[in-house]
Amino acid sequence: MSSTSTSTGPKDEAKRVVFDDPHGAAGNMQEAEVTRVRTLRGAWRWTLVVATAATILLCINQQFSLRFFIGYTQLNTEYFYLLIALMLPFTFLIFPGTDRAPLDRIPWYDLVLFVATFAAAIILMSNVRKAAEAGWEFGGAPPPVIAAGLVMWAMLMEALRRTGGWSLLLSVVPFTVYPLFAEASWLGPFRGTQSTLEQATAYHVLSGESLLGIPIQAFADTVIGFLVFGTALMMTGAGKFFINLSFAMCGTFRGGAAKVCIFASGLLGMMSGSIISNVLTAGTMTIPVMKKSGFRASYAAAIEACASTGAVLAPPVMGATAFVIAQFLNVSYAEVAVAAIIPAALYYVGLFMQVDTYAARHGLKGIPRADLPRVMDTIKDGWYYVFVIALLIVMLLYFKRESHAPFYATALLLVLNQLFSKDTRWTFATISKFLEVNGRTFVELVGILAGCGLLIGAFSMTGVVSSLANDLLHIAGDNAFLLLGMCALTSLILGLGLTTTACYIFLAILVAPALEKLGLNRMAVHMFIFYWGMLSSITPPVAIASFAAAGIAGSPAMKTGWESMWVGSIIYFIPFFFVLNPALVLQGPNPYLAGLGLMGLAAFGTLFICGGIQGYQPLVGDLRGAGALEWPIRVLLVIGGFVVATPGGGIMPLSQMQVTLLGLAILVPTTLLALLLVRRQTMVPDGLRAP
């Protein structure tokens, strides 16, 4: 990868650009996939601020066992309901019920829903201890509790509609009521144990398997802390630090503006875990610079969309779904984060290669050094971010204190920021804004996670999951590749209408058990589902990340979506790679050595995949020089690269050595032929070349 730089002197200092904080003082951590939200003002804003502060303090009390409640030990279920009571009612204030609902005031019916949700949550919280003692989740709950449960059930469905849209609601509602008619003959393989309305309601709202199940447990145990850390990081100016560092380190390479975009979006995403906020913050800086550097608008937007999509893939902060995965697998979040390292690295390496080969083919230069911030100046201004992130990683991986790590890291960050940063020191107004931004994110996540928890409860009630896994295996004929293909297609289709978390929960219940019965590694299976569910962010017709980036770039939305698929194409292969060999998610015997070896092979293969896709092969040159054989060569490069990158052994009929040799047998003659044709073309005088 070539680079260009320009010497700097006193005259150049005036030209040097230092990029502003994309998050501003307020931060922009909203996870919402809906664009129409209400900004609370006056007393309602302060109510949200106080409720958020109480939520964070409750989480700290629970995780650190501080015993805020003197003489009273709070049950986990009581803690969960208290969080729901504090956050869920605000769903109806922040997210309007219809497109015509006013944004400047709160309608009376939203206030009614607010009060009803809060009252139901408090009633259920005050009875959940008695329910645990008397086994009310299996029957015998008194009528007032059942009534409160029915209200909560209805409010959860409306909260799902407002936060995730009609597609999410219509996907979840049939499954939540499914236990009421589970013995119907027309259900076929979905037939299970049927329940009455009272039994289903009690199980949904009182057991630890439904509303109070895995999604809410993940939110209460770990997600709150990491969201607080991510918001604090952005509101202390980390966005400015990461973007300036990216420009300083990558800006001079060919296609430097796009490589800056990938690096900056990767760094920001590692800390925020939010795809959309990543696009809307980093994209405002990187997309205009890419366009100015010669990238067409749709391609610049596609690069930003793909780079920001890595926000939910790259540790240490990976978004809410990763925490739900940890709860599903009953492992520490650190284990999930470690498993994500190699796949995320391969994804970003693939993006870098795509951009490099595209820039080489189109002759795109880097940004002059004189126009960029200096590395040492940038590090000097934001050195303490490195210490904070290091503390987070050490506490996660070495001390295994995932519920404590983000709070310690946040405390250190705020102390260092107050001591060493004049521009971003917090005031009382900053603290209130910090709580408000966190509160809006908490509200949306509680609305989605609590509602999706009912999915787990419904299948747990009916006991249908085990028989369904056997039916899927029968349909696939015990063929792992066919079942993986079915799972990938289902994930992609569900992901078009559901949030990543909801899509993952669906398939973790329905499909994962069948894949695990085939002997596939559990972590690899759940990561496979996670990846494919997330791909709707860049895959039309939904492609929400691509459309958001297109809005910034001023490019056609659908064209940007197709470009995003082209640029991020490597991500469609990676999930199959780590299912074929779980060493890529650092599972199995000698995972680190085997994982690094497979990562090297995958990166080597990706180099040829990108060369074939973009039409420029490093060490060969522009493949247009191959004349009529350009496209056959490009196709063979993609095929050969894919074969080399594919792990052998396991469920593959060929060993690793055989797969690698087969790939090289395709790549070596293809590359030599391309080299010969391109070199010969460059030696022909311009006047004799074919037009």
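Numbering starts at 1 and runs along the sequence shown. Treat the numbers as computed from the prediction; the structure is a model and nothing was measured.
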| request: Measure centre to centre between the rings of Phe323 and Phe226, then say whether the value is under 6.0 Å. | output: yes
| remark: Here the pair of heavy atoms bringing Phe328 nearest to Ile505 is CE1-CG1, 4.3 Å
| message | Can a donor-acceptor pair be found, under 3.5 Å and without considering hydrogens, that links the side chain of Asn521 to the backbone of Ala524? | response | yes
| request: Give me the one residue out of Phe642, Phe528, Trp532 that meets ring pair (Phe, Tyr, Trp, His ring centres under 6.0 Å) with Phe573. | output: Phe642
| field | Residue pair Leu267 / Phe241, side-chain heavy-atom distance below 4.5 Å | value | no
| message | Under a 3.5 Å distance rule, please check whether Arg254 uses its side chain to pair with a backbone N or O of Ala359 as donor and acceptor. | response | no
| Quick check, are the ring centers of His526 and Tyr504 under 6.0 angstrom apart? | yes
| said: Can you confirm whether more than 12 heavy atoms, excluding those of Met652, are under 6.0 Å from its CE atom? | reply: yes
| query | So does Arg522 pair up with Glu335, basic N to acidic O under 4.0 Å? | reply | no
| message | So which atom in Asn278 and which in Glu304 form the shortest heavy-atom distance, rounded to 0.1 Å? | response | O-OE2, 3.9 Å
| request: State the CZ-OH distance between Phe577 and Tyr531, to the nearest 0.5 angstrom. | output: 12.0 Å
| said: Taking Ala307's backbone N and O only, do any of them form a donor-acceptor pair with Ser265's side chain (distance below 3.5 Å, no angle check)? | reply: no
| said: If I take atom NZ from residue Lys365 and atom OG from residue Ser293, how far apart are they, to the nearest 0.5 angstrom? | reply: 12.5 Å
| task | Tell me, please, which residues at least two apart from Phe608 pass ring pair (Phe, Tyr, Trp, His ring centres under 6.0 Å). | result | Phe604
| Pick one: which of Ser298, Ser537, Ser546 meets side chain to side chain donor-acceptor pair (under 3.5 Å) with Ser564? | Ser546
| query | Do Pro368 and Asp371 come within less than 4.5 Å of each other through their side chains, counting heavy atoms only? | reply | yes
| task | Measure from the side-chain N and O atoms of Ser308 to the backbone N and O of Ala305, and report whether any donor-acceptor pair falls under 3.5 Å. | result | no
| Smallest separation among heavy atoms of Ala553 and Lys291, with atom names | O-NZ, 2.8 Å
